[in-house]
*Asks:* 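Input: one structure, supplied below.
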Amino acid sequence: MPGLHTIVCLKVVPKSEEVSVDPETRTLDRGNARSEINGQDMNALEAALDLKDTYGGRITILSMGPPFFEPFLRLGLAMGADAAYLMSDRAFGGADTLATSYTLAAGIKAIGGCDLVLCGEESSDGATAQVPPGIAEWLDLPQITYVSRVQVMKKARLLRARRQLQSGYEMVETLLPCVLSVKLGINEPRFLDFQRWEWAMEEAPVTVWTAADLGLDEGYLGLPGSPTAVSSVGAAPSAQRRGEFLSGTPQEEAQQLLERIRPLVRLS
Amino acid sequence: MKRATDEAITLDDAYWERLMAATDGAIAPCFQCGVCTAACPWGLLQDEPANVRQILRRAQLGIPESDGAIWWCATCRACEVMCPRGVPIAEVMLTLRNLAWQDGAVPKGLSSVLWSLHWDGNPWRRPPSQREAWTKGAEVKPFEPTDEILYYVGCTPSYDNRSQKVARALAGVLNAAGVSFGTLGEREPCCGDAAYGLGQHDYLRQIIAANVKLFAEAGVGTLVAVSPHCYDMFLNHYPRENGLQPLHYTQYLAQLIDEERLRFQEPLEAKVTFHDACYLGRRNDVYDPPRQVLAAIPGVTLVEMPRNREDALCCGGGGGRMWMETAAEERFANLRVADAAETGADILATACPHCIACLEDSLKLAGSPMRVMDVAEVAAAALGIGRSAQ
Amino acid sequence: MLLGGDVQPLAAEAIACGADTVILAEHPLLEPYTTDPQTKVMAGLVLEHKPDMLLLGATPNGRDLAGRLAVRLRTGLTADCTDLTIDEKSGLLVGEVTGFGQGILATIECPRHRPQMATVRPGVFTRPQPDPSRQGDVRLVPVELSEADQRVRVLRRSTSKGVDITQAERLVVGGRGVQGDFALLRKLARLMGADVGASRVAVDQGWVGHDRMIGQTGSITRPKLAIVCGVSGATQFTVGIQDAETVVAINSDREAPIFETADYCIVDDVFQVLAPLIDALEREKAGKKG
Ligand SMILES: Cc1cc2nc3c(=O)[nH]c(=O)nc-3n(C[C@H](O)[C@H](O)[C@H](O)COP(=O)(O)OP(=O)(O)OC[C@H]3O[C@@H](n4cnc5c(N)ncnc54)[C@H](O)[C@@H]3O)c2cc1C
Ligand SMILES: Cc1cc2nc3c(=O)[nH]c(=O)nc-3n(C[C@H](O)[C@H](O)[C@H](O)COP(=O)(O)OP(=O)(O)OC[C@H]3O[C@@H](n4cnc5c(N)ncnc54)[C@H](O)[C@@H]3O)c2cc1C
Ligand code: SF4
Ligand code: SF4
């Protein structure tokens, strides 16, 4: 029996603290921001590598984004993935989660499907957590979100996962193929394997697909295919640590503190 | 614990070949006298310490390490100065770690340190945009090729709130001596010490190549480093053809004192003992400059710990040990703090950010009234710098 | 809409809290929550009732469901809203969301597709005071589901978390300043559904286990809220807490560096502050039950 074929959806994001809002135009300024692979997606890739170590098989990286994503996908190849696909086309620009999940699902079909799709729980920029369930729906596959542990029973084609909930967790089970989204920090992504470096950086093909290559339905692509619209952006007041000193008697301090953290406390 | 050499073992020819190629024959001269095991500080702290000689033996035979012993080494070289055969033991340890990286057999937590280097350019998981936070708003100008020196702050003094004080103190001392200096600000790269100490040689090569280019473009000549680790990297691991002249700041301050550009007038009444950092002392024979700086301060009484200079006890923070946990009762620094306390010193001075972190941490557990200070902080205090600013 | 195994008892509460109509969908396959049956039933109800807006809680399960449902309905979904308003001119639902690590605020609309969907971050709207005298319409709808509709099975659920502070949503953290007395910290943690963490010195002293150590050589944590007590804030510690959303620091030393990485700072003896904090929470809890 052949090993597992896993597709990891990997997004490149700007470093959050380097993104600002231009106060005049009220638009996002990512000009000077350095980029990185979304943290959760690194965890998703490590989870895939871990499964590959155990069960064999291969890993394909899939991403939708501008051409500058390519070197980042190659880092994934240097970590141990086998192939990478970048869906890159102006027509994909401005996609909301409906359009993004449509496009990625189409990419997965074009790759020829797989046993398992691994995503991050959410991206650090949009942070909607909506793309993985969206992909699962477009592909009509079962989904398991907020996963903190994965186990595969290869013969039975059964997957068991631990889902992290608000309080505690649940163990769930489904048949392959399925779509998973993993929580940030569930594992430690392995560092680059320099024995793969030259291959990954120079020789390995990163296939670039445009909308026309795949014959996609334009009605679901990019900005025109997105039902949501961003009506304004601004800097959040709480971007930096507030550093607010509370004062008074200990009772008063406790009371002021409680007023401020009230929404974050869950009485149990 | 049963060691693998007592068992029936299978030799791994492929591993042996990789190992020979990687160590370039450096382990061959070892004749298994065991002096290194006896010299290693772990013997003072663990009931069943890492057996250095045995690690060398297994390396000679090509038996892969499996019990994690190679990760204990703090690369302090206490063993090397004793070895009758001149085996570069610490380098061998790092080479064994490099092979472990290649085999994906690395302790938890270390990949994250290297990813932090990769994404953020420092091992502390801090954003590059905050690399200048140590100045606390004080004006430190960008380096220009016409400056006397490049002030290379380094990652730990840039980000660690304790060592930031050292970086500020040193900037103050340099200003007081009228030195024209600048920093590379947000562009300052990591020297690569964390990759070196963790044995990730392949990655280190990339870091060095990038930095050589950056330094050449910036027109760097004399580079003064806060940390002995950065100094050692630039001095011993970087190509020298570009006119890079690395100095540890204690060397540079000693030079300024000789040239009478740096003068201490006000007395600082204190009994001070100096802890030699391994990456200054045993690695680079920089024993006198820090002592010269301290001795130039009127009122300072310098006392030596019994183990000093070549015999100094390591703080335990070298060789990537800053990123690995050590059980509370097994820390080298516990013994070192006791050494210092016995001298009756008020100040335990050192000149390395890692030493400061380890010594201060052990001092907390010991509950001693002694203070740990960097030589730069002692100098700044003697000059009256930062009394209001810090 | 209330979906579940036995949700009828909740209908009265929903009406008391302001609902006019409650649609109840009950079926054994709707409890415990799994994606497929819930999506199927809710999609059917939406197609039948054609609401203008569809709001769900941005809990893990709420987001799991909403993400799938929005694609099935081919409509727009605004994620994890921190505020909701209706635009006066267009009458559209405007959702305020954060992005880029909470650094950016954006408002999002769904102009042409219906329903306009949004998930709402728990805790941003205050729960209305229930008015038991309110009247409303409760409709129990038939549910058609079969085993084939459920592809993911829940094997078991656990609320005992074990110690995994890396996944903790809330943390109460103690350092050398708590002087060995973690009892109050544990009590506070229990009250607010938090885990207990510690600095290395606190672990070294044996006050708590090593698996609770936060920092460079401990664990990197990402809680929504961390209350840090009697910790000085050495960098080796703060790297383990810098990704927390909100940090509270309680330390008797105004100069402690921990205050530089905190949102709310209290310069005081930790025990003096924790006691009234616990009291207040206990009173609130008792009030809620009573
Ligand atoms: C501040 C802000 C708020 C936004 N709010 C909304 C909103 O409320 N509703 C909405 O529809 N859109 C929203 N968007 C747009 C949305 O970010 C984009 O549609 C984006 O392409 C995908 O969503 P995400 O980043 O939130 O992904 P998430 O769903 O958070 O990502 C989860 C996982 O999906 C995978 N994934 C996501 N995108 C890609 C990709 N391009 N390539 C490969 N894998 C990927 C990754 O594994 C990732 O970890 C918002 C954007 C911003 C900047
Ligand atoms: C190699 C290495 C790795 C390390 N890794 C870690 C790590 O992973 N995690 C970690 O935490 N540390 C780590 N450390 C140790 C770190 O450097 C600090 O020493 C440690 O974090 C300090 O712990 P603390 O804040 O509890 O104690 P202290 O620094 O002693 O601080 C105690 C604080 O409590 C305050 N206080 C005292 N009494 C009260 C009171 N009644 N009410 C309120 N406040 C009070 C004091 O003002 C003080 O600020 C490491 C050190 C080294 C050398
Ligand atoms: S001291 Fe030198 S020769 Fe002796 S066992 Fe150690 S490495 Fe070998
Ligand atoms: S370098 Fe130091 S820690 Fe390493 S083996 Fe030698 S004596 Fe021991």
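Order of the sequence lines sets the chain letters (A, B, ...), proteins ahead of strands, with each chain counted from 1.
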*Asks:* With a 4.0 Å cut-off on N to O distance, would you call A:Arg34 and B:Asp120 a salt bridge?
*Replies:* no
*Asks:* Dump the intermediate steps for side-chain contact (heavy atoms from CB on, under 4.5 Å) on A:Leu104 and A:Leu62, then the final yes or no.
*Replies:* CA-CA 8 Å; A:Leu104 289 171; A:Leu62 174 64; 4.0 Å; yes
*Asks:* Could you report the tightest heavy-atom contact between A:Thr60 and A:His5, atom names first, then the distance?
*Replies:* OG1-NE2, 2.7 Å
*Asks:* Hey, does the side chain of A:Gln256 reach the backbone of A:Ser247 with a donor-acceptor pair shorter than 3.5 angstrom?
*Replies:* yes
*Asks:* Is chain A contacted by the side chain of B:Gln130, its backbone, both, or neither, given a heavy-atom distance below 4.5 Å?
*Replies:* neither
*Asks:* Taking 4.0 angstrom as the limit, do A:Glu202 and A:Arg74 come out as a salt bridge?
*Replies:* no
*Asks:* May I ask you to decide whether B:Glu360 forms a salt bridge with B:Arg162, counting only side-chain N to carboxylate O separations under 4.0 Å?
*Replies:* yes
*Asks:* Check whether A:Glu36 gets within reach of chain B through its side chain, its backbone, both or neither, counting any heavy atom under 4.5 Å.
*Replies:* both
*Asks:* Return the orientation label for the B:His229 and B:His354 ring planes: parallel under 30°, perpendicular over 60°, tilted otherwise.
*Replies:* tilted
*Asks:* Just to verify, which of B:Pro157, B:Cys230, B:Ser158, B:Cys155 counts as forming a side chain to side chain contact (heavy atoms under 4.5 Å, CB included) with B:Pro353?
*Replies:* B:Pro157
*Asks:* Please determine whether a side-chain nitrogen of the Lys or Arg among A:Glu170 and A:Arg163 lies less than 4.0 Å from a carboxylate oxygen of the Asp or Glu.
*Replies:* yes
*Asks:* Write out, in numerical order, the residues from residues 112-119 of chain B with a heavy atom short of 4.5 Å from a heavy atom in chain A.
*Replies:* B:Ser112, B:Leu114, B:Trp115, B:His118, B:Trp119
*Asks:* Can you name the residues of residues 318-328 of chain B that have some heavy atom under 4.5 Å away from a heavy atom in chain A?
*Replies:* none
*Asks:* Is the A:Trp199-A:Phe194 ring centre distance short of 6.0 angstrom?
*Replies:* no
*Asks:* Checking heavy atoms, do the side chain of A:Leu75, its backbone, both or neither come under 4.5 Å from chain B?
*Replies:* side chain
*Asks:* Between A:Arg162 and A:Tyr169, is NZ or CZ placed under 6.0 angstrom from the six-membered ring centre and within 45° of the ring axis?
*Replies:* yes
